[in-house]
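First up is the structure itself, then whatever we jot down about it.
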Amino acid sequence: MSEEKKFDCYICCLGAGYVGGPTMAVIAANCPNVKVTVLDINPKQIEAWNSDELPIFEPGLDDVVKKARGRNLFFSTNLDDTIRESEIIFVSVNTPTKKHGIGAGRAANLKNWELAARHISKVANGPKIVVEKSTLPVRTAHSMKRVLDANERGIKFEILSNPEFLAEGTAMSDLQKPDRVLIGGRTVEAGQKAVNRLAWVYGHWVPKERIITTNLWSSELSKLVANAFLAQRISSINSISALCESTGADVDEVSRAIGMDSRIGPRFLKASVGFGGSCFQKDILNLVYLCESFGLPEVAAYWNQVVEMNDYQKRRFAAKMIRSMFNTINGKKIALFGFAFKKDTGDTRETAAVYISKYLLADRAQVHIYDPHVKKEQIVHDFDHYKVLPSDMAFDDNVTVANDPFEAANGAHAIAVMTEWDCFKDYDYEKIYASMQKPAFVFDGRNILDHAKLKKIGFEVYAIGKNFGPAVNMETTAL
């Protein structure tokens with residue numbers, strides 16, 4: 001008998017990021033009879049997964065990884081041997097929005113996915129089940145199967161669509177107790193056999209009634225539509241927040257009133273400075289491009305408005321800040337509390353904070369940022385990636401990443417809450433107020449602070465969807 005422990009199934013995942021790492025960790029934790037290996041071509045990423053400081057922050061992830069790592073969960077850069085060993089290969093690589101060529105700004109860039117498929121086809125030593133875990137356009141599976149099957153050895157592959165529906169910050173509970181697991185496959189016998197094999201893996205901990213099987217195209221489209229519907233709710237309540245500020249209504253009260261209607265429900269009705277993250281905007285733009293490609297311009301325009309409203313909300317918030325501070329922020333220190341796109345994650349992709357920073361720096365403010373889980377290196381990377389700084393500005397001359405909130409706020413004219421971290425609610429705001437320039441402003445982009453208490457201390461407070469006086473009249477201001 002081989003020294004290596006025999007497992008009932010061998011799984012690997014190409015891509016050790018926010019989806020691949022946690023998903024594989026949960027599979028390994030629930031399936032001790034399955035060997036799970038997470039692969040990546042970046043040695044530093046794999047080193048981090050094998051260390052005591054994981055490369056991503058997600059509540060509960062550390063415990064799950066450390067319990068399974070070395071038992072049946074492994075992290076490696078050895079792609080070829082692991083692919084050959086594996087029966088099921090998840091592909092969870094980045095599929096960003098295209099920046100060049102046809103569909104630029106909307107269509108998904110599938111370069112990484114095709115490279116992964118070509119490499120699997122090149123090194124595979126027998127039939128494999130290849131699982132789409134990345135969010136992909138409808139009918140990508142058909143194209144990828146052609147790439148995989150084009151090998152010269154006659155090896156055949158089955159492609160499944162198994163989109164993730166996890167939310168960063170609650171990913172571990174989403175994976176442990178999912179609302180549903182969706183598996184799409186070809187309707188032929190070989191396709192259904194592959195579907196059943198993946199369903200067997202999930203069946204170790206997911207109730208059978210929550211494992212939904214569909215055809216490939218329905219599964220691929222369902223992921224895009226799910227994110228589009230969630231983002232639509234956020235943009236809808238954000239649009240109403242603008243009306244609330246003009247009329248004297250309170251957006252939190254409106255949200256609570258409509259959310260108690262069982263037909264609507266309360267989820268994703270929290271007004272804010274705008275949604276971020278890697279999925280919502282990318283997936284909606286992908287959906288828009290698909291609709292345009294299939295000759296459905298009215299449908300494309302409908303969904304594009306969700307993104308337009310999100311952009312408007314960020315512009316509106318920045319305009320409110322500038323107008324409230326006497327229409328000039330040149331040289332003024334402004335503290336941003338939070339840089340992650342939401343609490344309980346270190347992910348900063350498409351974070352509202354980066355766009356607010358861009359507007360403030362365009363007006364020559366001095367921006368000081370504090371986030372309890374985002375490092376300076378990530379913020380510097382994002383400023384470069386999103387081209388935040390005007391051409392005549394240098395990061396270190398105009399932006400400071402603070403070690404604590406008191407340092408960020410000391411001498412500042414204003415605080416803007418960008419992320420809904422719970423710790424922001426509990427700070428000593430009397431101490432913070434005493435250290436700031438007067439009048440001292442708080443712009444609550446997440447509606448998490450005690451506004452009455454802040455006003456009593458002496459702050460001038462402005463919040464999303466709340467009319468605290470004529471100064472917050474929100475005529476549209478171009479930035």
Side-chain angles (χ1 to χ4, degrees), residues 56-63 167-173 241 250-253 255-256 266-277 317 320-321 324 333-348 351-354 356-357 367-376 378-379 400-466 468:
I56 65 174
F57 172 74
E58 186 67 40
L61 177 62
D62 271 31
D63 290 341
E168 290 178 46
T170 59
M172 303 311 289
S173 59
S241 74
D250 185 318
V251 72
D252 287 339
E253 294 176 351
S255 175
R256 180 168 177 265
R267 304 279 309 271
F268 286 83
L269 290 180
K270 179 69 174 176
S272 70
V273 66
F275 61 74
F317 188 82
K320 175 171 66 174
M321 292 179 67
S324 300
K333 177 179 177 179
I334 298 175
L336 300 188
F337 280 11
F339 198 80
F341 84 90
K342 68 174 185 176
K343 72 173 185 177
D344 293 335
T345 180
D347 195 349
T348 60
T351 176
V354 81
I356 298 303
S357 297
V367 175
H368 291 239
I369 301 167
Y370 171 70
D371 189 290
H373 286 285
V374 179
K375 298 179 179 179
K376 179 178 179 179
Q378 184 62 50
I379 295 173
T400 300
V401 180
N403 295 314
D404 62 68
F406 300 98
E407 176 189 332
N410 185 37
H413 289 259
I415 296 168
V417 178
M418 295 285 97
T419 311
E420 68 276 24
W421 289 108
D422 291 333
C423 59
F424 292 166
K425 304 174 188 178
D426 301 324
Y427 292 153
D428 184 346
Y429 281 97
E430 290 187 2
K431 177 180 177 182
I432 289 174
Y433 177 77
S435 74
M436 293 177 64
Q437 299 287 337
K438 307 299 185 298
F441 296 86
V442 169
F443 299 92
D444 190 353
R446 298 291 176 176
N447 286 356
I448 61 169
L449 303 182
D450 185 335
H451 302 144
K453 182 178 179 180
L454 291 174
K455 288 164 68 177
K456 188 175 180 180
I457 290 171
F459 285 102
E460 293 198 23
V461 180
Y462 303 92
I464 298 288
K466 297 175 187 290
F468 291 141

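Computed from a prediction, not measured in an experiment: that's the story for all the values here.
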Rounded to the nearest 0.5 Å, what's the gap from [atom1] on [X] to [atom2] on [Y]? Could you check?
X: K342; Y: T170; atom1: NZ; atom2: OG1; value: 5.5 Å
X: F443; Y: K320; atom1: CZ; atom2: NZ; value: 7.5 Å
X: I415; Y: L336; atom1: CD1; atom2: CG; value: 10.5 Å
X: D426; Y: L449; atom1: CG; atom2: CG; value: 10.0 Å
X: S272; Y: I448; atom1: OG; atom2: CD1; value: 11.5 Å
X: E420; Y: F341; atom1: CD; atom2: CZ; value: 9.0 Å

With a 4.5 Å cut-off on side-chain heavy atoms, are [Y] and [X] touching?
X: K343; Y: D422; answer: yes
X: D347; Y: F57; answer: no
X: K466; Y: V461; answer: no
X: M321; Y: I356; answer: yes
X: F317; Y: M418; answer: yes
X: L454; Y: E460; answer: no
X: T348; Y: I379; answer: no
X: N447; Y: H451; answer: yes

Which word best sums up how the rings of [X] and [Y] line up, parallel for under 30°, tilted for 30 to 60°, or perpendicular for over 60°?
X: F424; Y: Y427; answer: tilted
X: W421; Y: H373; answer: tilted
X: Y429; Y: F459; answer: perpendicular

Using modelled atom types only, decide if a donor and an acceptor are shared between the side chain of [X] and the backbone of [Y] within a distance under 3.5 Å.
X: S255; Y: L269; result: yes
X: T400; Y: H368; result: no
X: E407; Y: N403; result: yes
X: T419; Y: A340; result: yes
X: E58; Y: G169; result: yes

Establish, for the pair K438 and Y433, whether the NZ or CZ atom is under 6.0 angstrom from the six-membered ring centre and no further than 45 degrees off its axis.
yes
Taking side chain to side chain donor-acceptor pair (under 3.5 Å) as the test, write out the residues that go with E168, two or more places apart.
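In terms of side chain to side chain donor-acceptor pair (under 3.5 Å), with neighbours along the sequence ignored, E168 is linked to T345.
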Which atom of [X] lies closest to which atom of [Y], heavy atoms considered:
X: A271; Y: I464; answer: CB-CG2, 3.7 Å
X: M436; Y: F441; answer: CE-O, 4.0 Å
X: R446; Y: A352; answer: NH2-CB, 4.4 Å
X: P372; Y: C423; answer: CG-SG, 4.2 Å
X: A353; Y: G338; answer: CB-O, 3.9 Å

